[in-house]
Amino acid sequence: MAATAMQISIILNAVDRMSSVVDAAVNKSKKSIGLFGKHTNSVHEHSKGMMRLGAGTAMAMAAPISMALDKAVEYESQMASVAKVMDMKVKDPGFKKISNLGLELAGVLGQQPVAIGGIIESLAQGGVRGVDEMRKLTLAAGKMAVAFDIDPSLSGEKMMKIRNAMNLTSDEIIMYTDSINKLSNQDPVKASQILDFFSSGGAAAAKSIGLLIPEAAVFASTLISAGKSGEEASTIFERMVKNSRDIAKPGGKAYSSGGGGMSGLLNVLETGRQIQDPNARFDFFRSFGEYGVEVEGLAGKLDLFKNSLQGVISPAFYAGSIMSEFNTKVDTSKFQLEATKAEISALSIEMGNTLLPVLRDVLTELKPLIKGFADWVQQNPARVTSMGKLAIGVGAVSVAVSVLSGAVTILSAALWANPITWIVAGVIALGVAIHKVNQKWDKMSKFGRFLVMAFAPFLAIIPTLRSIWPDMK
């Protein structure tokens with residue numbers, strides 16, 4: 001039976017009145033307290049197993065629940081950010097379909113729901129709207145992440161940077177990323193490096209002179225295979241494009257006479273390669289500024305450059321390249337293991353979603369309780385001091401403190417490490433502890449019973465405490 005407000009008031013007054021007695025006992029009767037402590041410590045040792053069993057049982061029961069809540073809260077927060085970017089409400093039916101993509105595609109892509117959520121967030125920031133468009137690009141970016149072996153959210157981010165810089169449609173960016181994968185398979189470069197080239201300014205430079213992604217990707221592949229990073233290759237390409245458009249310079253004249261665009265750049269490299277006089281050759285490539293040596297290096301690799309270009313000159317040569325590589329990886333044990341783990345996480349989030357309203361209700365009840373107790377402590381410093389003296393004076397005086405300490409430790413000290421886990425575990429452990437106290441009630445000393453009665457009200461169920469709190473003041 002729950003303690004009434006009158007019972008609690010009586011108990012607290014009793015503690016207050018006993019403070020002087022306890023002080024006297026501590027100061028004048030150390031020997032008696034020592035003997036009392038020795039006796040009760042033996043009971044304490046006997047109860048340790050029960051305390052650990054109660055806490056262990058609580059953790060075993062709480063773990064799957066708290067894990068589901070943890071994952072659900074994390075995913076909900078991520079989707080809230082997406083909704084903000086898309087100027088939608090989380091509860092909108094249309095957005096609900098978008099947020100479910102992370103759960104729906106987890107097993108398909110072998111990625112955790114939060115990883116797919118990262119793709120969705122990147123796509124939303126890149127301007128993708130609509131459920132069908134989001135689903136199409138999320139699948140494409142997820143498969144690209146697997147094929148390129150890169151972080152999923154990074155895959156979505158770079159895809160959007162290239163699409164927007166080159167003003168491409170969704171179908172075009174999906175098709176052209178196949179050409180990047182094809183080049184990474186035929187040349188000694190990584191697909192992720194070519195992505196870095198485009199997202200670091202290469203895409204904008206290519207767009208400025210009308211190059212397609214496969215054409216610009218060949219410049220990236222050739223420079224990267226010569227030892228440059230994706231970012232460095234992008235800078236070299238940008239300077240080459242800029243100086244090639246300056247008609248006053250030798251390189252600009254070659255670019256213009258070649259017809260501009262890809263043909264013009266090829267003519268620049270061919271013209272420079274054909275110059276036999278060292279001084280004239282030096283002057284020609286010097287017109288490209290500090291990266292003249294690198295442009296000259298490209299001219300020296302012109303045959304290799306043209307061979308690479310032939311491999312991606314037509315979509316027929318690279319279409320479906322990413323899907324083919326993705327399917328190859330799907331057949332591996334590693335992918336199947338990751339896919340299974342991802343599906344379990346998705347299921348856990350769905351379970352957690354059903355518990356989130358309960359969690360919100362618990363937290364709503366908990367906040368005023370904490371504030372109310374803090375206010376009571378401030379208004380009753382003498383009683384708090386008395387309780388502190390009483391606890392210090394007797395140490396581990398009863399089995400009640402031993403049993404309840406497991407629940408108190410879980411619910412307070414570790415609460416801040418992971419509130420969800422420990423709220424659930426603490427409530428369960430408290431139930432186990434109360435059951436154990438009830439079993440041992442007849443064997444406990446009168447003083448031990450008094451402590452249980454004194455402290456039990458503070459560990460009662462949250463709604464009960466909230467309902468009687470005004471009377472405690």
Side-chain angles (χ1 to χ4, degrees), residues 109-111 115-116 118-119 122-123 126 136-166 168 170-207 211-237 298 301 304-305 307-332 334-335 338:
L109 297 174
Q111 302 283 355
I116 299 176
I119 295 178
S122 295
L123 297 180
K136 178 196 295 186
L137 287 173
T138 299
L139 269 171
K143 291 177 180 179
M144 187 174 84
V146 174
F148 290 6
D149 194 24
I150 60 176
D151 181 81
S153 61
L154 193 62
S155 173
E157 176 188 334
K158 291 185 179 295
M159 178 180 279
M160 286 299 95
K161 283 185 176 180
I162 298 171
R163 188 193 78 153
N164 294 339
M166 301 198 72
L168 302 173
S170 296
D171 289 334
E172 286 173 336
I173 186 60
I174 292 173
M175 176 182 69
Y176 286 141
T177 50
D178 277 332
S179 68
I180 295 175
N181 189 66
K182 175 69 183 300
L183 280 172
S184 71
N185 288 337
Q186 71 179 33
D187 296 343
V189 297
K190 294 181 179 180
S192 59
Q193 293 174 306
I194 300 179
L195 284 180
D196 289 340
F197 166 86
F198 280 109
S199 61
S200 299
K207 173 68 175 176
L211 264 63
L212 300 176
I213 283 183
E215 295 171 330
V218 174
F219 279 97
S221 178
T222 305
L223 288 166
I224 293 169
S225 64
K228 303 299 181 181
S229 67
E231 292 83 356
E232 290 173 328
S234 175
T235 301
I236 295 168
F237 180 67
L298 276 174
K301 296 178 180 295
L304 178 63
F305 182 96
N307 287 335
S308 293
L309 185 61
Q310 287 301 312
V312 292
I313 198 66
S314 168
F317 296 157
Y318 55 77
S321 176
I322 288 178
M323 177 61 78
S324 177
E325 189 152 342
F326 175 79
N327 288 337
T328 299
K329 293 190 176 183
V330 165
D331 291 334
T332 64
K334 178 182 178 181
F335 182 92
E338 292 300 323

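Because the structure is predicted, anything quoted here is derived from the model rather than measured. Quick note: residue numbers are just sequence positions, from 1.
Ring geometry for F326 versus F335: interplanar angle over 60°, hence perpendicular rather than tilted (30 to 60°).
In terms of modelled atom types and a separation under 3.5 Å, the side chain of S155 and the main chain of A141 share a donor-acceptor contact. At distances below 3.5 Å, not a single donor-acceptor pair connects side-chain atoms of T332 with backbone N or O atoms of T328. A donor-acceptor pair under 3.5 Å is absent between the side-chain atoms of D196 and the main chain of S229, judged by distance alone. Using a distance-only test at 3.5 Å, with no hydrogens or angles considered, no donor-acceptor pair links the side chain of K301 to the main chain of T222.
Listed here is the closest heavy atom pair of V312 and S179: CG1-O, 3.9 Å. For the residue pair M166 and A203, the shortest heavy atom distance occurs at CG-O, 3.7 Å. Looking at every heavy atom in both residues, I224 comes nearest to A233 through CG1-CB, 4.1 Å. Considering every non-hydrogen atom in both S308 and V218, the closest pair reads CB-CG1, 3.9 Å. Taking both residues in full, the closest heavy atoms of E232 and K228 are given as OE1-CA, 3.5 Å, listed atom of the first, atom of the second, then distance. The shortest non-hydrogen separation linking L183 to P214 is CD1-O, 4.3 Å.
Heavy-atom neighbours of K136 NZ from other residues, nucleotides or ligands within 6.0 Å: above the threshold of 12.
If you take CD on E172 and CE on M175, they are separated by 6.0 Å, rounding to the nearest 0.5 Å. The distance from atom CG of L137 to atom CD1 of I173, rounded to the nearest 0.5 Å, is 9.0 Å. Atoms CZ and CG, on F305 and L309 in that order, are 6.0 Å from each other to the nearest 0.5 Å. Remark: E231 CD to Q193 CD distance equals 9.0 Å, nearest 0.5 Å. Between M144 atom CE and M159 atom CE the span is 4.5 Å, to the nearest 0.5 Å. Rounding to the nearest 0.5 Å gives a distance of 6.5 Å between CD1 of I119 and CG of L109.
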### Query
Is there a side-chain contact (heavy atoms from CB on, under 4.5 Å) between K190 and S184 once you walk through the steps?
CA-CA 5 Å; K190 294 181 179 180; S184 71; 5.8 Å; no
### Query
Taking it one step at a time, do I213 and T177 satisfy side-chain contact (heavy atoms from CB on, under 4.5 Å)?
CA-CA 8 Å; I213 283 183; T177 50; over 6 Å; no
### Query
Checking side-chain hydrogen bond (donor to acceptor under 3.5 Å, both in side chains) for the pair K158/S199: CA distance, chi angles, key distance, verdict?
CA-CA 6 Å; K158 291 185 179 295; S199 61; 3.0 Å; yes
### Task
Would you sort out whether M160 and S122 count as a side-chain contact (heavy atoms from CB on, under 4.5 Å), showing the intermediate values?
CA-CA 8 Å; M160 286 299 95; S122 295; 5.5 Å; no
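The side-chain heavy atoms of I322 and F148, taken from C-beta on, include a pair separated by under 4.5 Å. Using a 4.5 Å cut-off on side-chain heavy atoms (C-beta onward), K143 and M323 make contact. Side-chain contact check for Y318 versus N181: every heavy-atom pair is 4.5 Å or farther apart. Residues L195 and L154 fail the side-chain proximity criterion, which asks for heavy atoms closer than 4.5 Å. Between Q111 and V146, some side-chain heavy-atom pair lies under the 4.5 Å cut-off. Residues F198 and I194 are in side-chain contact: their nearest non-hydrogen atoms beyond the backbone lie under 4.5 Å apart.
Comment: E157 engages K161 in a salt bridge, judged by a side-chain N to carboxylate O separation of less than 4.0 angstrom. K329 and D149 are not joined by a salt bridge, as no carboxylate oxygen comes within less than 4.0 angstrom of a charged side-chain nitrogen.
S221 and D187 share a side-chain donor-acceptor pair at under 3.5 Å. For D178 and S321, the side-chain atoms include no donor-acceptor pair closer than 3.5 Å.
In this structure, F219 has its ring center at least 6.0 angstrom away from the ring center of F197.
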